[in-house]
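Heads up: the structure comes next, in structure tokens.
For the numbers below, each heavy atom of this structure counts, side chains included, while hydrogens, waters and symmetry mates do not.
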Amino acid sequence: GLPLTGTIQASGSRHASLPLLAACLLTEEPVTLRNVPDVVDVRVMLDIIRSLGVVVDDLGFHSWRINARHINGWTVDPALTSRIRASLVVAAPLLVRKGRAKLGPPGGDRIGLRRIDTHI
């Protein structure tokens with residue numbers, strides 16, 4: 001066969017982006033994330049962190065600036081948490097920054113019982 005040559009741009013991963021967005025809550029410094037996919041789960045996670053008072057700027061080209069200098073409260077709206085299973089990943093950053101966290105039950109697929117301890 002012939003060797004392959006060239007370059008490609010790998011698309012962003014939802015499974016990588018969701019915990020990275022939650023991790024932005026750990027710092028008071030602005031964080032810029034690039035190559036974030038435009039999918040429903042990511043949009044819901046952005047809504048979750050916005051609901052906590054975090055400033056979220058759309059930089060275009062699948063890039064976001066997250067500024068969690070001020071987090072308002074430690075409770076996440078159950079209407080948001082019920083939309084994605086990954087909503088659980090904001091619990092630890094909230095515990096670190098606010099000393100408390102209250103989240104509604106996570107959403108997600110209906111495949112069957114799934115463990116949540118791996119998200120905590």
Please answer whether the main-chain N or O of Arg34 pairs with a side-chain N or O of Ser63 as donor and acceptor at a distance below 3.5 Å.
no
For the residue pair Pro37 and Ser11, establish whether any side-chain heavy-atom pair is separated by less than 4.5 Å.
no
Flag if over 12 foreign heavy atoms under 6.0 Å of CZ, Arg50:
yes
Rounded distance (nearest 0.5 Å) linking atom CZ of Arg97 with atom CD of Glu28:
4.5 Å
Hey, is the main chain of Thr75 close enough, under 3.5 Å, to the side chain of Arg100 for a donor-acceptor pair?
no
Could you pull out the closest heavy-atom pair between Arg83 and Asp47, with the gap in Å?
NH1-OD2, 4.4 Å
Give a yes or no on whether Val90 and Val39 share a hydrophobic cluster (residues Ile, Leu, Val, Met, Phe, Trp, Tyr; joining criterion: side-chain heavy atoms under 4.5 Å apart).
yes
Could you check whether any side-chain heavy atom of Leu80 comes within less than 4.5 Å of a side-chain heavy atom of Ser51, counting everything from C-beta outward?
yes
Let me confirm one number: the OG-CG distance from Ser17 to Asn35, rounded to the nearest 0.5 Å.
7.5 Å
CD1/Ile49 to CH2/Trp64 distance, rounded to the nearest 0.5 angstrom?
9.5 Å
Between Asp57 and Leu59 (side chain of the first, backbone of the second, donor and acceptor by atom type, cut-off under 3.5 Å), is there such a pair?
no
Quick one: closest heavy-atom pair of Leu26 and Pro93, and the distance?
CD2-CA, 3.6 Å
If every non-hydrogen atom of Ala16 is compared with every non-hydrogen atom of Pro19, which pair is closest and at what distance?
O-CD, 3.4 Å
Go through it in stages, so that I can follow the logic: the residues are Leu94 and Leu52, the test is side chain to side chain contact (heavy atoms under 4.5 Å, CB included), and I'd like the CA-CA distance, side-chain angles, deciding distance and then a yes or no.
CA-CA 10 Å; Leu94 285 175; Leu52 294 167; 4.0 Å; yes
Heavy-atom side-chain proximity of Lys102 to Val76 below 4.5 angstrom:
no
So CE of Met45 and CD1 of Ile66: to nearest 0.5 Å the spacing works out to 11.0 Å
At what distance, to the nearest 0.5 angstrom, does SG of Cys24 lie from CG of Leu33?
4.5 Å
Closest non-hydrogen atom pair, Ala101 against Leu95
N-CD2, 3.8 Å
Taking the side chain as everything from C-beta on, heavy atoms only, tell me whether Val54 gets closer than 4.5 Å to Arg69.
no
In Val89, Thr81, Ile48, the residue satisfying side chain to side chain contact (heavy atoms under 4.5 Å, CB included) with Leu103 is Thr81
The single option from Val40, Asp41, Val42 that satisfies side chain to side chain contact (heavy atoms under 4.5 Å, CB included) with Val44 is Val40
Check for a donor-acceptor pair, side chain of Lys98 on one end and backbone N or O of Ile71 on the other, with a separation under 3.5 Å.
yes
